[in-house]
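One structure is given below, encoded as structure tokens.
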Amino acid sequence: MSLAQHLVELRKRLMYAALALVVGMIVAYFLTDPIIHLITEPIRIVAASEGNEDKVELMYATITGPFDMRLRISFAIGILISAPIWIWQIWAFIMPGLTRKEIRYTVGFMASAIPLFFAGCYVGLLIMPHVVELMAQFTPEGAAQFYDALLYYDFVFKLLVVVGVSFVLPVFLVALNLAGVISGRGILKGWRVAVLIATAFAALATPAADVVSMLMLAGILVVLFFAAAGLSMLFDRRKAKRTSTLLPPEVS
């Protein structure tokens with residue numbers, strides 16, 4: 001295909017992806033009420049613990065605040081709903097230029113990264129109430145807590161994305177290994193740093209009193225790291241075996 005044909009093909013794929021996103025946002029708009037109720041549950045828990053709902057509330061600082069929050073939620077959920085379509089459009093555009101080996105690696109990467117990301121988002125959703133309750137404990141006596149709706153949503157969204165990406169990091173380590181950037185032993189040598197980072201992240205993401213949740217989150221991240229290291233070492237062994245069979249025999 002010529003450059004002009006590639007651009008035409010890209011425009012067509014982007015139009016399909018954008019149309020799918022718009023449809024997903026329209027569908028997601030009707031789901032905003034239960035989603036808002038779900039993510040604001042920690043605020044109601046804090047209000048119940050304080051015994052005065054007038055001191056702990058979700059507020060909208062602008063006239064368009066309620067609509068802006070629903071629009072942001074619709075966009076985020078719309079991306080998830082339309083993901084099969086826009087991911088396929090991207091894949092259909094780049095697949096003709098890939099070799100069979102690259103296609104196999106890409107499919108394996110996506111098949112493992114997507115479920116891990118959603119699993120991380122689910123874990124983030126589970127620990128999010130604990131984080132809100134923990135931060136509420138630092139409120140001085142006699143002070144009130146009024147959560148700005150848009151800032152509160154940004155906090156929840158960023159927390160889910162950060163935890164989701166942390167679950168996908170081991171997949172990136174395996175991808176770097178396949179690309180020859182880092183060896184499996186090199187990944188394994190950093191296990192102390194990985195355990196330290198996983199423990200620190202889990203300690204920050206869970207309340208200090210909930211040791212079980214902290215250990216579970218840290219344990220999941222550590223297991224994923226060692227799984228990535230073991231898989232990378234397996235790939236290294238296969239590469240070494242394949243290289244040794246291709247080398248010519250030594251002349252005695």
Side-chain angles (χ1 to χ4, degrees), residues 21-83 117-169 197-218 220-221:
L21 175 59
V22 171
V23 174
M25 288 181 63
I26 294 174
V27 174
Y29 185 83
F30 296 98
L31 304 175
T32 53
D33 282 330
I35 294 173
I36 292 175
H37 185 271
L38 175 64
I39 65 176
T40 54
E41 178 64 22
I43 298 178
R44 290 187 291 275
I45 295 175
V46 173
S49 64
E50 291 288 337
N52 187 355
E53 296 184 359
D54 294 334
K55 293 179 61 178
V56 183
E57 294 180 351
L58 184 72
M59 70 171 188
Y60 295 94
T62 62
I63 297 176
T64 60
F67 177 75
D68 291 342
M69 185 172 180
R70 291 179 181 272
L71 191 62
R72 293 189 185 191
I73 294 176
S74 300
F75 180 73
I77 303 300
I79 290 178
L80 298 181
I81 294 177
S82 61
F117 177 77
F118 283 114
C121 290
Y122 177 72
V123 172
L125 191 62
L126 293 179
I127 66 177
M128 183 263 297
H130 301 295
V131 178
V132 177
E133 293 173 38
L134 175 64
M135 293 296 103
Q137 296 176 5
F138 293 95
T139 305
E141 185 69 26
Q145 288 182 285
F146 297 103
Y147 297 94
D148 183 275
L150 298 182
L151 295 178
Y152 181 82
Y153 168 74
D154 286 342
F155 160 75
V156 174
F157 179 77
K158 291 175 182 177
L159 176 64
L160 298 184
V161 171
V162 167
V163 179
V165 170
S166 68
F167 273 56
V168 181
L169 286 178
I197 293 176
T199 305
F201 178 79
L204 292 174
T206 55
D210 194 355
V211 180
V212 177
S213 298
M214 185 195 75
L215 293 178
M216 286 181 60
L217 179 57
I220 292 173
L221 295 176

To check you understand the geometry: which heavy-atom pair defines the closest contact between A198 and A218, and what is its length?
O-CB, 3.9 Å

From M25 CE over to I81 CD1, what is the distance, rounded to the nearest 0.5 angstrom?
10.5 Å

I need the minimum non-hydrogen distance between D148 and A61, along with the two atoms involved.
OD2-CB, 3.3 Å

So CD1 of I36 and CE of M69: to nearest 0.5 Å the spacing works out to 4.5 Å

If you count the non-hydrogen atoms of other residues, nucleotides and ligands that lie under 6.0 Å from CZ in F155, is the total more than 12?
yes

Under the side-chain hydrogen bond (donor to acceptor under 3.5 Å, both in side chains) definition, can you give me all pairs with a residue in residues 58-67, not counting sequence neighbours?
T64-D68

Find the distance between OG (S166) and CD1 (I220) and round it off to the nearest 0.5 Å.
9.5 Å

Residues passing the ring-ring contact (aromatic ring centres under 6.0 Å, His included) test with Y152, sequence neighbours excluded, are Y147

By side chain to side chain donor-acceptor pair (under 3.5 Å), T199 pairs with (sequence neighbours left out) none

Side chains of residues 72-80: which donor-acceptor pairs under 3.5 Å do they make with residues two or more places apart or in other chains?
unit_1, atom_1, unit_2, atom_2, d
R72, NH1, D154, OD1, 2.9
R72, NH1, D154, OD2, 3.1
S74, OG, R70, O, 2.7

Sequence neighbours left out, what passes side chain to side chain donor-acceptor pair (under 3.5 Å) with Y153? Give chain and number order.
none

Could you give the distance from OG1 (T40) to CG (L58), rounded to the nearest 0.5 Å?
6.5 Å

Can you tell me how far the CZ atom of R44 sits from the NE2 atom of H37, to the nearest 0.5 Å?
4.0 Å

Atom pair CG (L38) and CG (L31), whose distance is rounded to the nearest 0.5 Å:
12.0 Å

So which pairs with a foot in residues 159-168 pass salt bridge (Lys or Arg N to Asp or Glu O under 4.0 Å), sequence neighbours left out?
none

A side-chain contact here means heavy atoms from C-beta on lying under 4.5 Å apart; do P42 and M128 qualify?
yes

For the residue pair E57 and I43, establish whether any side-chain heavy-atom pair is separated by less than 4.5 Å.
no

